[in-house]
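I have placed the structure first, in the form of structure tokens, so that the comments after it can refer back to it.
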Amino acid sequence: MKKAMQVRIGYVAMSTVIKNASPSRTMTYKQFEKLGDIEAGYRRLERIAEENLHNTLRLLKHNRMHDIHLYRMSSKLIPLATHQSLQDWDPFPYLKPAFSAIGDYANQAGMRLSFHPDHFTVFSTPREEVLRHSIRDLTHHVRMLDAMGLDDRAKNNIHIGGAYGDKATAGARFIHQFSKLDPTLKRRVTLENDDKTFNAVETLQISEKLRLPMVLDIHHQWVNNEGERPQDLWPRIHATWREEHVVLPPKIHVSSPKNDKDLRGHADYVQVEPLLNFLRAIAPITTHLDVMIEAKMKDDALFKLMDDLKQYTNDGVTIKDQASVEIEG
DNA sequence: ACCTGTCAAGTCTGG
DNA sequence: CCAGACTTGACAGGT
């Protein structure tokens with residue numbers, strides 16, 4: 001009997017299919033100031049956040065309708081949440097029911113949810129102030145996951161950060177500064193290789209040292225590598241997920257180059273063949289895999305990819321449902 | 001309805 | 001040392 005790898009596919013933040021369902025509506029600090037009334041400003045921000053959370057729930061329902069069990073939420077659910085001048089504001093009491101509704105729905109549907117704090121969360125920074133802001137941002141993301149009632153399988157995916165002219169020192173500083181974080185934060189983190197600075201080999205070393213699961217971005221690995229093939233790193237990357245106290249399939253990110261001039265930019269859709277080649281290479285040693293699509297066309301790119309995969313059904317690919325496939329090694 | 005500039009946060013590069 | 005590039009979705013303000 002041939003081994004087959006179960007692959008689930010997901011997408012990020014917003015839908016290009018469902019209209020008027022942005023989970024990232026915001027308000028600028030300038031507008032907040034212009035209101036003059038701080039309390040009124042807080043209430044308006046809370047309403048916007050409530051709407052973002054409501055739209056997130058709408059997206060989850062859309063996902064369930066299309067068998068999508070993998071979804072990364074917007075980091076901008078609460079506008080100005082970590083803004084320096086709004087430290088006295090606590091929007092969570094008001095938003096608790098809306099957060100719970102999301103978590104309850106996801107838990108019931110068996111969905112895997114995550115965040116990706118943006119690249120301002122940098123634990124390799126030499127600046128004390130930036131480190132403080134990074135901790136604040138990560139804490140905020142963990143608090144949102146907690147408010148949803150999601151267990152530690154729901155992660156915050158981050159990059160290592162800048163090199164500051166000396167990558168080895170920056171990497172060591174990341175390890176040092178990350179190690180000092182509260183365990184409740186550390187448990188919620190995965191590390192991802194980036195497309196400019198910390199490549200897959202370097203990120204993997206740090207993941208192993210800190211015992212953190214590593215998310216392999218195969219597009220980043222393609223533009224930032226040491227000559228290795230991604231499948232050659234896979235046994236070790238796969239192993240970083242085995243230390244999880246809960247069973248969690250390894251996750252990878254996939255996107256395709258925007259064009260010949262801009263290889264790092266993300267295209268509207270995902271090319272099926274490079275992805276399929278990688279999936280076939282790791283299928284013999286992997287039982288489950290989650291694939292996050294990072295394409296401009298979001299869920300539409302997911303549907304297109306599933307459609308493209310259909311032409312390989314006589315070639316080791318079995319379509320299981322609208323968002324998952326089985327790949328033979 | 002559509003277009004252009006701005007926002008928010010960091011790092012990095014060029015002058 | 002400082003201005004600008006980079007990135008992203010959405011706001012803000014203009015036509």
Side-chain angles (χ1 to χ4, degrees), chain A residues 11-35 41 44-45 47-49 51-56 59 71-87 89 115-141 156-167 169-171 173-174 177-178 192-199 202-203 217 219-220 223-224 253 255 257-259 261-268 292-301:
Chain A
Y11 69 100
V12 170
M14 58 181 284
S15 170
T16 58
V17 176
I18 306 288
K19 303 297 177 190
N20 304 314
S22 168
S24 311
R25 244 199 82 198
T26 189
M27 181 163 86
T28 60
Y29 183 64
K30 255 194 180 145
Q31 291 299 309
F32 178 84
E33 276 184 311
K34 231 199 282 188
L35 283 174
R44 188 176 294 197
L45 288 169
R47 292 305 177 86
I48 292 172
E51 187 185 320
N52 288 340
L53 293 170
H54 176 67
N55 280 337
T56 298
L59 291 173
Y71 173 69
R72 184 167 89 211
M73 295 177 285
S74 164
S75 281
K76 302 187 180 83
L77 293 174
I78 306 177
L80 304 178
T82 55
H83 196 282
Q84 190 68 57
S85 305
L86 277 71
Q87 296 300 294
W89 173 48
F115 279 122
H116 193 352
D118 30 30
H119 60 283
F120 315 121
T121 300
V122 273
F123 290 106
S124 69
T125 185
R127 297 169 54 194
E128 195 268 333
E129 183 193 20
V130 174
L131 175 62
R132 228 175 40 235
H133 292 171
S134 297
I135 293 170
R136 181 167 71 198
D137 202 44
L138 181 57
T139 302
H140 171 62
H141 282 86
N156 298 293
N157 185 49
I158 62 172
H159 294 289
I160 306 297
Y164 314 90
D166 182 351
K167 214 196 281 189
T169 300
R173 193 165 46 231
F174 180 96
Q177 296 184 147
F178 187 89
E192 180 193 347
N193 57 307
D194 70 69
D195 54 1
K196 280 174 112 162
T197 312
F198 284 90
N199 63 35
E202 295 158 340
T203 304
D217 187 312
H219 181 191
H220 292 168
V223 295
N224 185 17
H253 287 179
S255 48
K258 195 180 180 78
N259 53 53
K261 300 253 189 293
D262 181 10
L263 295 179
R264 289 196 286 112
H266 289 193
D268 289 354
M292 189 68 84
I293 290 182
E294 294 187 327
K296 290 264 179 290
M297 290 305 288
K298 311 292 179 188
D299 52 340
D300 194 43

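These values consider heavy atoms only, across backbone and side chains, with no hydrogens, waters or symmetry-generated copies. Naming: A, B, ... by sequence-line order, numbering from 1 per chain.
Remark: P of dC12(B) and CG of N224(A) are 13 Å apart, rounded to the nearest angstrom. Rounded to an integer number of Å, the gap from CZ of F198(A) to P of dC12(B) is 9 Å. At whole-Å resolution of the value, CD in E129(A) and C1' in dT11(B) are 14 Å apart. For the pair E51(A) CD and dG9(C) P, the computed distance is 18 Å after rounding to whole Å. Here the C1' atom of nucleotide dT11(B) and the CG atom of D166(A) are 15 Å apart, to the nearest Å. Atom NZ of K258(A) and atom C1' of dT7(C) are 11 Å apart (whole Å). Rounded to whole Å, atom P of dA12(C) lies 13 Å from atom CZ of F32(A). Across the protein-nucleic acid pair, I160(A) atom CD1 and dT11(B) atom P stand 14 Å apart, rounded to whole Å.
Counting non-hydrogen atoms under 4.0 angstrom, A13(A) reaches nothing in the nucleic acid. Within the nucleic acid shown, T82(A) has no heavy atom closer than 4.0 Å to any nucleic acid atom. At the heavy-atom level, R136(A) lies nowhere under 4.0 Å from the strands shown. Nucleic acid contact for S74(A): none, since no nucleic acid atom lies under 4.0 Å from a heavy atom of the residue.
Both S24(A) and K34(A) sit near DNA chain C, but only S24(A) has its closest nucleotide nearer the 5' end. Toward the 5' end of DNA chain C, the nearer of the two residues Q31(A) and M14(A), judged by each one's closest nucleotide, is M14(A).
Ranking dT7(C), dA8(B), dA10(C) by closeness to the Y29(A) side chain, first place goes to dA8(B).
Below 30°, between 30° and 60°, or above 60°: for H159(A) and H220(A) the angle between ring planes is between 30° and 60°, a tilted geometry. The aromatic rings of Y29(A) and H83(A) lie parallel to each other, their planes meeting at an angle below 30°, with 60° marking the opposite boundary.
A donor-acceptor pair shorter than 3.5 Å can be found between the side chains of S75(A) and H141(A). With no hydrogens or angles considered, no side-chain donor-acceptor pair links T16(A) and D300(A) at under 3.5 Å.
Comparing dC1(C) with dA8(B), their P atoms sit 26 Å apart, to the nearest whole Å. For dC3(B) and dT7(C), the P atoms lie 23 Å apart once the distance is rounded to whole Å.
Residue R127(A) places none of its side-chain N or O atoms closer than 4.0 Å to OP1 or OP2 of dG10(B). Taking 4.0 angstrom as the limit, T26(A) places none of its side-chain polar atoms (N or O) nearer than this to OP1 or OP2 of dA8(B). The phosphate of dT11(B) (OP1 or OP2) has a side-chain N or O of Y164(A) nearer than 4.0 angstrom. Considering only side-chain N and O atoms, T28(A) lies under 4.0 angstrom from the phosphate OP1 or OP2 of dA12(C). Note on R25(A): a side-chain N or O is less than 4.0 Å away from OP1 or OP2 of dC11(C). Distances shorter than 4.0 Å separate some side-chain N or O of H133(A) from OP1 or OP2 on dG10(B). The phosphate of dG9(C) (OP1 or OP2) has a side-chain N or O of K298(A) nearer than 4.0 angstrom. At the phosphate of dC11(C), neither OP1 nor OP2 sits under 4.0 Å from any side-chain N or O atom of K76(A).
Annotation for R136(A): atom CZ counts as buried by contact number, over 12 foreign heavy atoms lying within 6.0 Å.
The pair R132(A)-E128(A) meets the salt-bridge criterion, since a charged nitrogen lies less than 4.0 angstrom from a carboxylate oxygen.
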